[in-house]
Every structure is written in structure tokens, then in C-alpha cells.
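Note that the coordinates shown come from a computational prediction; the quantities given were computed from them, not determined experimentally.
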Amino acid sequence: GSLMTTKLSQPQSTLAKSLTSTSTNAPYFKTLESTEIPPYVTNCPSNGLCSRLPPDCMTCNTNYSCVYGKTATFDCKVKPHVHCVDVNNQEQENFTINMTCQFCWQLATSDYVCTNSTNCMTVSCPRQRYNATCTVRDHIHCLGNRVFPKMLYCNWTGGYKWSTALALSITLGGFGADRFYLGQWREGLGKLFSFGGLGIWTLIDVLLIGVGYVGPADGSLYI
């Protein structure tokens, strides 16, 4: 009877130890999760001026009394794990910044970067637009979403030079060299076998390329 009691008590004590170790480790894992550093911290300079922090490092209250286009003061607070100081080198969490009262999509084109498209025609009438996704630069403060859609004119280039096309049109236009250079092979062959349309086509192309009416076949802009 005593031997059976001893054997049964050993698994119970082992189970109790495993339960105890599991329960003591649970808070440890929670602590690791709570101290995980957010990804935005890598873009936030440590111990710099709070007013110079990038917008992703702070949260600001909207100043509903601001006037559009005018400079206004906004109350801000640093995000968790971000450390900054004031002009007296004292650490602070709450501070104010001066910002122009306007939404991000109303900024000047130099204040944001947009995706480019190489599928639309830059030489067309009317000039084509494309849907772009724009992102505000890190040092610019504005209201609303910092990533926004916008319709932009096609303005990409395939590397063709206007000066080269014009020079070819003047010197070798009768052989279709200008059209070949611009990627317009059928027109180039037509000029080649017709001797530049007996000179008439050559003169017309010099004029059209000179004013920029005839461009690259891929629809891009001249350099």
C-alpha cells in the first residue's frame, strides 16, 4: 500500500512543478511582447529636438481654428519609445510645432514623391494623365493622410534627345534616319524607299520635329 502511494505521488509532484514553471514563465513572455520596439523608431533620431522629429515619430492634435494657407501652432506628443529634447536639452514628451494649415494633397509638388508611369502617352492630344500614389517627404508636416492618390500628367522619358532627332532629320532625314531613331520603323522605311518623299516629307519632318509635334514612338518625352 505504501509503495503504490509513493509511485502515484511522484507524477503529481512532477505535474505540479511543470504547472508552476509554466505559470511563472507566462508573465515573462508578456513582458517581451510589451517591450518590442515599433518599426517607426528606426526613423526617429534619438535625443534630437522634438520639433525636428519626422511626422511619423509624433501624434498631433488638429487645430480646427487654423486658417487655410496660414501658419498655425499644433500641440504634439512623441510616440512610445521615442526620446527627444527641447532647446534647453531637457527631455520632453509634449511640445508644439508650427505648421501650414493645409492638407497633404494640397502641398507643392516638391514636397512629395509620386510613382511614375511608363504606360501612358506623353505625346497625345489631350495630354494623358495616370493614377499615381504620392508620399509626403519626411521633413514636411501637413494635415490628413501622408499617402494619397493623385492624377498626374504623363512626363516620363525613354532617353531620346530632341537635339539628336532634329540633327538627324536635317542631315539624314531623306533616308529616314530621324524616324528610325525615334522608333518609327514603318515611317522610316517609307522615307527611305521614297527618298524622303522626294524631299517634301523630309522638309515636313524637320518642321514637325523642330516644334516637338513628332516624338518618340513609345510616347515618352524628349530629354
| request: Identify the residue among N61, V82, N94 that makes a side-chain contact (heavy atoms from CB on, under 4.5 Å) with K77. | output: N94
| message | Ignoring hydrogens and geometry beyond distance, is a side-chain donor-acceptor pair present between D75 and T96 at under 3.5 Å? | response | no
| task | Flag yes if more than 12 heavy atoms outside F175 fall under 6.0 Å of its CZ atom; otherwise flag no. | result | no
| request: Step by step, work out the ring-ring contact (aromatic ring centres under 6.0 Å, His included) result for F148 and Y112. | output: CA-CA 10 Å; F148 53 90; Y112 53 82; 5.4 Å; yes
| task | With the side chain counted from C-beta on, respond yes when P54 and P45 share a heavy-atom pair under 4.5 Å apart, and no when they do not. | result | yes
| Mind checking whether M99 and N63 have side chains closer than 4.5 Å, heavy atoms only? | no
| query | Any side-chain heavy atom of L182 within less than 4.5 Å of one from E187? | reply | no
| said: Can you tell me if E93 has over 12 outside heavy atoms packed within less than 6.0 Å of its CD? | reply: no
| task | Check whether any side-chain heavy atom of I170 lies under 4.5 Å from a side-chain heavy atom of L166, and answer yes or no. | result | yes
| task | Check whether any side-chain N or O of K79 sits under 3.5 Å from a backbone N or O of T59 as a donor-acceptor pair, and report yes or no. | result | no
| said: If you define the side chain from C-beta out and look only at heavy atoms, does anything of R179 sit under 4.5 Å from L192? | reply: no
| Does the side chain of F180 reach to within under 4.5 Å of the side chain of L168, using non-hydrogen atoms? | no
| Do F95 and M58 have side chains that get closer than 4.5 Å, going by heavy atoms? | yes
